[in-house]
Number of protein chains: 2
Amino acid sequence: MTATFHLLNIEQIGPIVQFHRKKAGLSRVELAMVAGIGKTAIYDIEHGKLTVQFNTLFKVLAALNIKLAVDSPIMDLLEETPNAQR
Amino acid sequence: MTATFHLLNIEQIGPIVQFHRKKAGLSRVELAMVAGIGKTAIYDIEHGKLTVQFNTLFKVLAALNIKLAVDSPIMDLLEETPNAQR
DNA sequence: CATAATTTACCGCCTTGGCGGCAAAAGATT
DNA sequence: AATCTTTTGCCGCCAAGGCGGTAAATTATG
């Protein structure tokens, strides 16, 4: 199970969520229940509402088994030293 | 310049942002201006406010040259067929 | 070590995201 | 094709996010 990362174009988040939801055979109401949020949020996300709250989107992605990753050259530096100063 | 992905633990987003901001030598006000948002948002994010709006967080990450990526096995399927049905 | 300059913390106001409810649309069943 | 079932679209209300302003705290400078 090699990880397959795809750089996120912010305006593609709607189609991505919808595609995964359909693949999972879930209605918006069902996905909303699994994610523990309201159905309106699913509707909004799929319709490209970028002002959705981050944790709301994160719950949806988690429910769809989509993981988020950050791509930054200096992340290693942070992880190696949890109490990194500057 | 190989991409270095790090799976995102949602509650680590605050420290990640702060670490990158400090590394860039920016104050919160400066980062806010670069990102085109208010300084309060930076403050909130660094203090672990997960209810921040997604596009607000995205602007901050972009200003810090942090890219977001999605990890999903079926993403290839979506990208290959832009008008994928089910 | 005093004080000036910068950065951070927090407050109240205003805007808006997220909610349930319900109607419209789409799909299934006979 | 008529009707029952499921899904989607959208409305108004309420709670909360994001804003600038300002005080507190931190850091730099002479």
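On a predicted model such as this, the values are computed, not experimentally measured, just so you know. Chain letters run A, B, ... following the sequence lines, proteins first and then strands; every chain starts at 1.
In this structure, B:Val52 reaches the sugar-phosphate backbone alone: every heavy-atom distance under 4.0 Å involves primed, P, OP1 or OP2 atoms, never a base.
Taking the side chain to side chain contact (heavy atoms under 4.5 Å, CB included) definition, one finds that B:Thr4 meets it with A:Asp71, B:His6, sequence neighbours left out.
At whole-Å resolution of the value, CD1 in A:Ile42 and C1' in D:dT8 are 13 Å apart. Between the C1' atom of D:dT6 and the CG atom of A:Leu26 lies a distance of 14 Å, rounded to the nearest Å. If you take NZ of A:Lys22 and P of C:dG27, they are 10 Å apart, rounded to a whole angstrom. Rounded to whole Å, atom P of D:dC10 lies 11 Å from atom CG of A:Asp44. Rounded to a whole Å, the CD atom of A:Glu46 is 12 Å from the C1' atom of D:dG9. The distance between atom CD of A:Gln18 and atom P of D:dG9, rounded to the nearest whole Å, is 8 Å. D:dC19 atom P lies 8 Å from atom CD of B:Gln53, rounded to whole Å. In this entry the distance linking CG of A:Asn55 with C1' of C:dG18 reads 11 Å, nearest Å.
Side-chain atoms of A:Lys39 and base atoms of C:dG21 include a donor and an acceptor less than 3.5 Å apart. Donor-acceptor pairing under 3.5 Å, judged by distance alone, is absent between the side chain of A:Thr56 and the base of C:dG17. Counting atom types as modelled, B:Thr40 pairs a side-chain N or O with a base atom of D:dG20 as donor and acceptor under 3.5 Å.
Partner of B:Leu50 under the side chain to side chain contact (heavy atoms under 4.5 Å, CB included) criterion, chosen from B:Ile45, B:Ile13, B:Leu57: B:Ile13.
Minimum atom distance to the side chain of B:Val29 is reached by C:dT8, of the listed D:dT8, C:dT8, D:dG9.
For the OP1/OP2 pair of D:dG17 and a distance below 4.0 Å, the side-chain nitrogens and oxygens of B:Thr51 include at least one atom meeting the criterion. Proximity of B:Arg21 to the phosphate of C:dT8: a side-chain N or O atom is located under 4.0 Å from OP1 or OP2.
Here the side chain of B:Arg21 pairs a donor or acceptor atom with the backbone of B:Leu26 at under 3.5 angstrom.
Closest approach of B:Leu78 and A:Pro15 over heavy atoms only: CD2-O, 4.3 Å.
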inquiry  = side-chain contact (heavy atoms from CB on, under 4.5 Å), that's the test. Do B:Gln18 and B:His47 meet it? Break it down for me.
reply    = CA-CA 9 Å; B:Gln18 188 170 51; B:His47 279 250; over 6 Å; no
